[in-house]
Amino acid sequence: MSYIPGQPVTAVVQRIEIHKLRQGDNLILGFSIGGGIDQDPGQNPFSEDKTDKGIYVTRVTKGGPAEVAGLMMGDKIMQVNGWDMTMVTHDQARKRLTKKNEDVVRLLVTRKSLEEAVRQSMMQ
C-alpha cells in the first residue's frame, strides 16, 4: 500500500477484536508494534518503499490473545477502537493499545495478502 502524506488513504482492511488476557494487574495483548511518525521508516522491514511511518505488528505471541484473534506479523494497524493510527508516534500508539480500562481492543488492520486477494478478484 502506498500513500501520499496529507492525502486520503485507500486500503483493504480487516476487523480484529482482541480480548486482553488478565495476568494479575496486567492486561496482555500478545503482540508488539514498531513504527510511528517519530521513527526511522528505513528501519521498517514491512514498508515496501521505506517511507511508510505507519504502526506495524512486529511480533505475535504464539497462543496469545492477538494470535487467537487473527492478528499477524506485518499487519499495519489503521485504527484502534475508532482512533486513527496512521499519523501517530510510537508512544501514542502504545498508549492507545494498552489503556487499562479497556478489556477489548478493536483493530482495523491491512495486510498485503488482503490487498492481493482483492486485486485478484477484480481481475477475474
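Every value quoted in this text rests on a predicted model; they were computed, and no experiment measured them. All values below come from the heavy atoms of this structure, side chains included, with hydrogens, waters and symmetry mates left out.
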Self-check item: Ion pair check, D52 and K76, cut-off under 4.0 Å
Solution: yes
Practice problem: Please confirm whether the backbone N or O of Q92 pairs with a side-chain atom of T89, one donor and one acceptor, at under 3.5 Å? | Solution: yes
Practice problem: Taking all heavy atoms of I16 and all of R111, pick out the closest pair and write down the distance. | Solution: CD1-NH2, 3.9 Å
Quiz item: For H90 and I33, which heavy atoms make the closest approach, and how far apart are they?
Solution: CE1-O, 3.2 Å
Quiz prompt | With D91 via side-chain hydrogen bond (donor to acceptor under 3.5 Å, both in side chains) - residues at least two apart | solution = R94, K95
Quiz item: K20 versus V105: any side-chain heavy-atom pair under 4.5 Å?
Solution: yes
Quiz item: Any side-chain heavy atom of Q79 within less than 4.5 Å of one from R106?
Solution: no
Quiz item: Taking everything shown except R15 itself, do over 12 heavy atoms lie less than 6.0 Å from its CZ?
Solution: no
Practice problem: Measure the shortest side-chain to side-chain distance between P65 and L29 over non-hydrogen atoms and say whether it is less than 4.5 angstrom. | Solution: no
Practice problem: Report, as yes or no, whether the 6.0 Å neighbourhood of atom CG on D25 holds more than 12 heavy atoms from other residues, nucleotides or ligands. | Solution: no
Self-check item: Distance, nearest 0.5 Å, that separates CG of L27 from CG of N101
Solution: 9.5 Å
Practice problem: Rounded to the nearest 0.5 Å, what's the gap from OG1 on T98 to CG on N26? Could you check? | Solution: 10.5 Å
Quiz item: About how many Å separate CD1 of I55 and CG of L107, when rounded to the nearest 0.5 Å?
Solution: 12.0 Å
Practice problem: Using only heavy-atom distances, determine whether the side chains of N44 and Q39 contain a donor-acceptor pair under 3.5 Å. | Solution: no
Quiz item: What are the two closest heavy atoms between A66 and F31, and how far apart are they?
Solution: CB-CD2, 3.6 Å
Exercise. Start with the C-alpha gap between D38 and K53, add the side-chain angles, then the distance that decides, and say whether salt bridge (Lys or Arg N to Asp or Glu O under 4.0 Å) holds.
Key: CA-CA 8 Å; D38 59 335; K53 294 186 175 198; over 6 Å; no
Quiz prompt | Sub-4.5 Å side-chain heavy-atom contact between Q14 and T110 | solution = no
Quiz item: Between Y56 and M73, is any pair of side-chain heavy atoms under 4.5 Å apart?
Solution: no
Quiz item: Which value, rounded to the nearest 0.5 Å, describes the distance between I77 atom CD1 and D84 atom CG?
Solution: 12.5 Å
Quiz prompt | Residue list, side-chain hydrogen bond (donor to acceptor under 3.5 Å, both in side chains) with T58, at least two apart or on another chain | solution = none
Quiz item: Taking C-beta and beyond as the side chain, do R96 and V88 meet within less than 4.5 Å on heavy atoms?
Solution: no
Practice problem: Dump the intermediate steps for side chain to side chain donor-acceptor pair (under 3.5 Å) on E17 and H19, then the final yes or no. | Solution: CA-CA 7 Å; E17 187 171 286; H19 294 265; 3.1 Å; yes
